[in-house]
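Please read the structure below before turning to the comments.
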Amino acid sequence: MNSHNTLICVIGGAGYIGSHMVALLQANGYSVVVIDDLSTGFLTSIPKVLFEQGSILDKEFLADFFTRYNIGAVFHFASSIQVGESVSNPRKYYKNNLIGTISLLDQMVESKVSKLIFSSTAAIFGSPDYTPIDELHPRRPLSPYGRSKLFVEEILADYETAYNLRSVSLRYFNAAGASPCGQLGERHFPETHLIPLLLQCAANRSPSFSIFGNDYDTADGTCVRDYIHVEDLCRAHLLSLSYLDKDNPSAAFNLGTGVGHSVSEVVSAVEDVTRSKLNIQIKPRRPGDPASLVADGKKANLALGWMPTRVDLKEIIAHAWAWEQKHPWI
Ligand code: UDP
């Protein structure tokens, strides 16, 4: 069934990527209801939309929610996302990302909701044998975070076979940027991500920035990542919904620009965009960081017709900078 005629549920709609997704769905004429427990998301991030506060770990809440709303498809963004924290506190990651998601899937089966767009991650690949990383690359996650997402991907395959719950798993490389209109952007407490931390430094909200390791086997010794604009990511989700609407089977796609930038390159780009000179320190490597993660997006291009459009790193940073300046919350 065409999802335009149904209600779309966005779980984690108060978070960074989820809030951009809600805005994109609404701009494309979809009716949306958001679930968020507000543990890391912000009510003020959600565009004007139906909202239910609750957790996917709360089975009674989920059962009641799916009884009250006639949901056609679910976008599931709600998860714990810090690789380092997952190593020191794996219980949190298996509880929120694995048990929470299974509880959601079971309720979807119960309520006969058969379409899911699932937020997966490049972290399922671990240290790559080759880059760009395509979907055939072996999956050997290095952290409980990566494993929690990989387990869900595998469970989704079983749920399709047994219960006809079809899904698209989207493996994000490094989501970055903000809505060009400046309304939505990235906000985490504590902030651990590269670009927001550099921008906080440029805005004099922190005295210095630490590069985690400059002895990697890369051109300049710092880690290489594939920074993908949050709006490009969200468009891939929208196309994934159309893909499921056309009765296609479950699939998983790697989402990135195909171009990698080193941490030092990102530092220089931030200095250019913000016209500032940052106080940079070199610190030891962060546990669990592979040297280089760059996506091969061909499969998503072929199957979904998806192509990233905002691939200029400085443009991505400029959007994040505009958002940072508009929202000086620290
Ligand atoms: N990074 C860094 N200093 C920081 C935060 C991040 O050098 O304070 C590096 C990190 O080691 C990685 C890259 O920046 O190589 C991107 O890290 P981020 O946490 O933004 O995303 P991840 O790659 O972990 O998903």
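Numbering of residues begins at 1 and proceeds along the displayed sequence. Indexing begins at 1, ligand by ligand and atom by atom, following the structure's order. All heavy atoms count here, side chains included; hydrogens, waters and symmetry mates do not. Just so it is clear, the structure is predicted and the values come from calculations on it, not from any experiment.
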Across all chains, not counting sequence neighbours, the ring-ring contact (aromatic ring centres under 6.0 Å, His included) partners of H261 are none

Side-chain donor-acceptor contact under 3.5 Å, [X] with [Y]:
X    : Y    : value
N96  : S79  : no
Q107 : S111 : yes
S262 : S264 : no

Is there any protein N/O under 3.5 Å from an N/O of ligand 1, and what does the full list of such pairs look like?
{"unit_1": "ligand 1", "atom_1": "3 (N)", "unit_2": "S210", "atom_2": "O", "d": "2.7"}
{"unit_1": "ligand 1", "atom_1": "7 (O)", "unit_2": "F212", "atom_2": "N", "d": "2.9"}
{"unit_1": "ligand 1", "atom_1": "11 (O)", "unit_2": "D289", "atom_2": "OD2", "d": "2.5"}
{"unit_1": "ligand 1", "atom_1": "17 (O)", "unit_2": "R286", "atom_2": "NH2", "d": "3.4"}
{"unit_1": "ligand 1", "atom_1": "19 (O)", "unit_2": "R286", "atom_2": "NH1", "d": "3.2"}
{"unit_1": "ligand 1", "atom_1": "19 (O)", "unit_2": "R286", "atom_2": "NH2", "d": "3.1"}
{"unit_1": "ligand 1", "atom_1": "20 (O)", "unit_2": "L194", "atom_2": "N", "d": "2.8"}
{"unit_1": "ligand 1", "atom_1": "21 (O)", "unit_2": "N174", "atom_2": "ND2", "d": "3.1"}
{"unit_1": "ligand 1", "atom_1": "23 (O)", "unit_2": "N174", "atom_2": "ND2", "d": "3.0"}
{"unit_1": "ligand 1", "atom_1": "23 (O)", "unit_2": "R225", "atom_2": "NE", "d": "3.0"}
{"unit_1": "ligand 1", "atom_1": "24 (O)", "unit_2": "R286", "atom_2": "NH2", "d": "2.7"}

Using a 4.5 Å cut-off on heavy atoms from C-beta on, say whether the side chain of F42 contacts that of Y16. no

Please check if the number of heavy atoms outside E110 that lie under 6.0 Å from its CD is greater than 12.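 For E110, atom CD is not crowded (no more than 12 foreign heavy atoms under 6.0 Å).
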
